[in-house]
Structure formats: structure tokens, C-alpha cells
Amino acid sequence: MLEGKKNEEEKDIEVLKGKKLEKSDIIDLDGIKKLKDEIKKSDQVALFANENGIVFITDKGNRYISLNPSALITKEITLDALKPLFQLDTPYVIYGYKKLLKAGIDPKNIKCDIFIGNYLLTNHTKEEFEDLVLNRDGEVLKTQTEILKEKVIEKMNSEDMHDFLEIRAKFLYRSGDKFLEELEKDKLTKIYNIEMDLVKVLYKMENEGILIDLDYFKAYQKELAIKLDEIIPQIKAEVKKCVEHNINMMELTETNIKDILLQLGKLNYKKKSEYTAYEQKIEEADLDELLNNQLIFNIASPKQLGIVLFQLMKLSKVKKESVGVEVLEVLRDRDGEAIAENILEYRKLAKLQSTYVEALPKLVDENSRIHTTFNQTGTATGRLSSSNPNLQNIPVRTIEGIKIRQGFVAKNGYKLLAIDYSQIELRVLAEISKDETLILAYEQDKDLHDLTARKLFSLTEDEEVSREKRSLAKIVNFSIIYGKTAFGLSSELKISLGEAKEYISRYFTQYPGVKALETKIIEEAKCDGFVRTLYDRKRTIDGINSSNKNIVKQAERMAVNSVIQGTAADILKIVMVELNKKLEGMEDIKMNLQVHDELIFEVKEEKIEEYAKLIKDIMETTVKLDDVKLKANVAMGYNWSEAK
DNA sequence: CGGTCACGC
DNA sequence: GCGTGACCG
């Protein structure tokens, strides 16, 4: 067996020594020494790596190291043996620093990360490396899957992999300086440096992960399953009751019902044989059988649900056969349909069940910790996004949802510390609009939703603001940040378009600076085709000069929203980098999560008050705005729901 | 694989 | 406004 393996290795080395790879035959420690020397003597080195191999391009030539265990990395050549290559002062041009860190590669001197640089220059969020090269140099690169498709049976060999990596490294080698120049010319160097500092912070957070209580999730899963099991028969019973009523009222016949059930069957049964059997069953069934046993439909299917509600039950349609929340709420509130409430409840529980309670426990490591991935180039505005799992959309509003947060816990002897910014986007709005009323309100530490309510309803200082008025004002405040239309506001508040327009125009009269800012941002976007945040992050705004009025309106909202949302995102990134510096090396505190305006830490219990104070202070003072103070709220507890 | 729905900020 | 993900067809 040993013999066989050795032969295999030798064979691979032979391949690497072949003509094509002459310059790339790093196969032993000596070769690494040689490469180290070449790097030292070079002005720059381009590095492109994936799980299969690494290509280095220096001024002296190209070098390939296979990471395929069966090929080249032997007892002699491990990733550790390569470490000295990354401790040199020679500047590295790379693509995706965080991925390299995950692979254990951490070049001391990074000249340019094209992954980050390209994101800042283009705002492209879904662009693959191949597209980037095509857009830049017009060069067409085959993706790995494309290559694998061509090589039907034989997998990609070392030679293919070498070519694959080398062509990419070559692009990096020739592009590093160009990217740096372009970033500089586009005033993006500052934000680029922030992003680059952030990479390591994100890597550490991902690596640290967050602990979940598996037993708790198991128990909650059972609880949800029981609740779902109770709701489904209820929904079915309501359908049955209604259908019986419709029959009595001569609005439905047995034939009608059969037709509708067959329609559902078509959606339920994909296999022809199954459907034919079902068809047969329906034809033969009597009314009793139909109502008791054949009333089968998928509540989770909007299409099927629409058929059941509007054809079988003959509920009055709200918006065609649509069954979204708004529609169900109307059916519940206007028509008093009990089934609507049950469907809403079903949806909520099913969502929690599938998206969180079932999914999260599957993703734990051996320490019951979950490691999300923070995508740094995933949004057009500069925010982070989180995936696998997305920990930025863990429920918080409903009682049932909060139970998910209870499952996120701190390890023994530790507590979770959550600090969030108070209305950071509205404060950003105040800062960049210089609206005097807004600035004054924050100077006096007023409740802004309360203030907006007073403005919208012309209340005096000593009049109480009702809960309803405050919550309406809150929605109006948000709709301003989002650049929402009067139409959107009217449907959210369930008021007339005229009323919504009235609120918006009142808002702008009361906060004239905000109106002026919106006008200014839109003008800039129209003129330049892009907008910038306070820290000069760019967002290109497509469609702002379109001939389609709706597209223009949408682009205008994007423009306004990007400046505010993007500036808030910048602030969080700056603060995270600063926090990382201050907390470096401290073993009793770790930053775990960022949820847009909130940071979550795991802190040793006895030190939590001390750290809370420190972090709150850093969050409030690291970024100094000219006219508005930033405010952060501290919360702590043994689980994430207490830390709120 | 695009549309709908629902969760977050 | 900005995301991710489950589910359907």
C-alpha cells in the first residue's frame, strides 16, 4: 500500500516536471527556498489560491504548488512550510483576503485585495472572478465547473489546475497597480483601507462563532410541531364547514367540488400515475368522502391556498387570488374569517420551524457553536450581509420569534453583551441634512418618533402623544429614510393616498433640511450617476435618467436610501475595526456578531459591566459627527433575548 | 431558477 | 430601502 502511494506521488511529480510546468515545479523544501528568494527580489507578487493549489507570480516567473493531498503536498511540504513566504515584505496582490485567512494564509504585506477593491469601484455584488476579468480585460476565463464538464470522466488534473490558477494570478499581477490608482482617483482609498482592516475582524468573528443551546432547540422544535399539528386540522375543519355552507346555499355542487379538488391534485401530484389514481378516487368518492378525506391541499402553497379560499370557500377576493399577509389580514379584520388568522399563525410557525429551529442545530460545530459567514461585498450600500446561516434576521418582534433568540447563549461563566446604536440612521440623516429641528432634537435627547408625531399632528409641548400617533410617526420616519412613496406609506398605514401624501408633505415642512437634502442627493445622482456616503463610499445609481418615470422614482429612492444606510454602515465598520484594536489579545471578551446597528459580544461574567462601559464609549466616540452625537444602548444576559 | 412569502435592520 | 432563505411550480 505504501509502495502504491509512493508511485502515485512520483507520477504526479513527473506530470509537474513536464514541459508545460517547467517554471512551476515547486516540489520540495528547496523549491520553497528558491521561491522565497524570488519573492524577496521582486517588486510585487501575485497570489491566487483555491482549495486545490496556489500560484505565485513574481517578477522572476510563475510557481505552482498543488494542495491536492494525493498529488504534491507530502510530509515535507505542508501549508506550514509555506509560512515564511508570507512573512516577507514584498507586497502581495491577492483576491479575497478572508478566504486566504481561512486557508491559513496571511501575507504580511498586502498591496491590494482585488476582491475588495473591485467591489468598492463597481458596487457589483454578485460578480464572479471570471466576470471581473471579462469586464476589465475582455478575457474569457472558463470556470472550474465549465472545465470539469468538458473533462467528462477524468477529473481535473494538476496541469489543468495549474493553468486555471495561473491565468487568474496573471490577472492579479497586472492589475494591482491599476486598482490602487483607480481607488485613489475615485476617492475610495479611505473606505478601502477601512474594509481591508475589517477583513480580519470579520474573520475572527466568524471563527469564534456563537453558542447555541441544542437541547433548548430540540424542545422548542417539539413545541412548534405540536402547535402546527393543532392548527392544520383547524384550518381543514374551517374549509369543510364553509364548503358545507356553500352547498346548502346552492353556491357549490358536488361536481364543482370535484373539479376544484382535481385542480389541486394537479398541483399536489407530480407523477402521472399518482394523479390518475387520485383522479379515479375523486370520481368515485361521494360528498361525505370528499369533505372528510379528500380535502387535501398544501397550506404552504400560495397557489393552492388561493384556490381553496376563493373557489372552494368563495371568500371575497381582495387582490385576485393573492394570499399575502395584507390580504389575509383584510379577510380576518374586515370579514371576520377565522381561517385567515389560523393561516397567518400557521405561516409564522412554519417559517420559524423551517428557517430557524430546524436549520440552526444542523450547523453547529463540535462545541455547539454556529459560524456564520459575513459577506463583505454582498450589498449595494456597504452593509454586511450574513449567510449560512443568516444571523442578521433572527426574529425579534413576536413572542414566538423571541424564543429563537433564547436559544443563543453564552458559554459557562460568560454572558452575552449586546450594544446597539440608538436610531443611527436618523442621526445620520440629521448630520448630513443639517436640519435644525432634527439636530436640536438630538441635542436635547428627545424621542424622535414622539417629536415627529407632535409635528405631524400639531400637538403642543404638554400634550401627551398617544401610542397610535407615535407608532404612525415612527413609520413615517422610516419611510423618509427609505424614500418610501406616498403609495407605499398609504398601504402600510392602511390610509388613503391623499392622507399619506399629506403626512409626507407635513413631514417635509417640519423638517425642511431633510427635503433639501433629498433634492440635493437626487440632483447629484442625476448629474453624476452615483452618490456617496459621508466616507465617500460610492453607489452607482442606474436608471436615474431613464425615460421610464417609475424607474426614475425608484432610482431616486435608492439614491437617498444609499447615502443614509451606507453612511451608517460605514460608521459600524469603522467602529468594529477600532473595537478590534482595543480588544486585541483580551481573552475574556470576543466580538461575535454584527446586526447592522448592533454588536454582540461574549464576555466573562464578572467583567461585563466594565466592558459594557468601555465598548459603549468606543461606539459613541470613535466616529465623531459634526452636529449629532451617537448614542448606544447596552443590554446583557445569559441569552440573546435577555440581551435586548 | 424565478416568484412569493417572511424574517431582520 | 437593503439583505437571506424556504418553498413552490
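Just so we're on the same page: letters track the sequence lines, and every chain starts at 1. All values below come from the heavy atoms of this structure, side chains included, with hydrogens, waters and symmetry mates left out.
- A/Y119 is linked by a ring pair (Phe, Tyr, Trp, His ring centres under 6.0 Å) to nothing, counting only residues two or more places apart in sequence or in another chain.
- Ranked by how close their nearest DNA chain C nucleotide is to the 5' end, A/T381 and A/A359 are led by A/T381.
- Of the two residues near DNA chain C, A/A300 and A/P389, the one whose nearest nucleotide lies more 5' is A/P389.
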Let me have a per-nucleotide readout for nucleotides 3-9 of chain B, 5' to 3', with B, S or -, counting only protein heavy atoms under 4.0 Å. --SBBBB

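- The pair A/E345-A/K227 fails the salt-bridge criterion, with no side-chain N (NZ, NE, NH1 or NH2) lying under 4.0 Å from an Asp/Glu carboxylate O.
- Heavy atoms of A/S386 sit under 4.0 angstrom from primed sugar atoms or phosphate atoms, though from no base atom.
- For residues 528-536 of chain A, proximity to DNA chain B is found at no residue, defined as any non-hydrogen atom under 4.0 angstrom from a strand atom.
- Residues that satisfy the ring pair (Phe, Tyr, Trp, His ring centres under 6.0 Å) test with A/Y503, not counting sequence neighbours, are A/F457.
- Residues satisfying the ring pair (Phe, Tyr, Trp, His ring centres under 6.0 Å) criterion with A/F601, sequence neighbours excluded, are absent altogether.
- Here chain A contacts DNA chain C (any atom closer than 4.0 Å to a heavy atom, that is under 4.0 Å), and the contacts span C/dG1 to C/dG9 from 5' to 3'.
- For A/E326, the salt bridge (Lys or Arg N to Asp or Glu O under 4.0 Å) test picks out A/K319, with sequence neighbours left out.
- Heavy atoms of A/A568 sit nowhere under 4.0 angstrom from any nucleic acid atom.
- Applying the salt bridge (Lys or Arg N to Asp or Glu O under 4.0 Å) rule to A/K266 yields no partners; only residues at least two apart in sequence or on another chain are considered.
- Heavy-atom neighbours of A/K520 NZ from other residues, nucleotides or ligands within 6.0 Å: at or below the threshold of 12.
- The side-chain hydrogen bond (donor to acceptor under 3.5 Å, both in side chains) search around A/E620 returns A/K616, not counting sequence neighbours.
- When the ring pair (Phe, Tyr, Trp, His ring centres under 6.0 Å) test is applied to A/Y220, no partner is found at least two apart in sequence or on another chain.
- Heavy atoms of A/N375 sit nowhere under 4.0 angstrom from any nucleic acid atom.
- Using a 4.0 Å heavy-atom criterion, one finds that A/G401 contacts no nucleic acid atom at all.
- Residues satisfying the salt bridge (Lys or Arg N to Asp or Glu O under 4.0 Å) test with A/E358, not counting sequence neighbours, are none.
- Every salt bridge (Lys or Arg N to Asp or Glu O under 4.0 Å) that A/E602 has, sequence neighbours left out, goes to A/R369.
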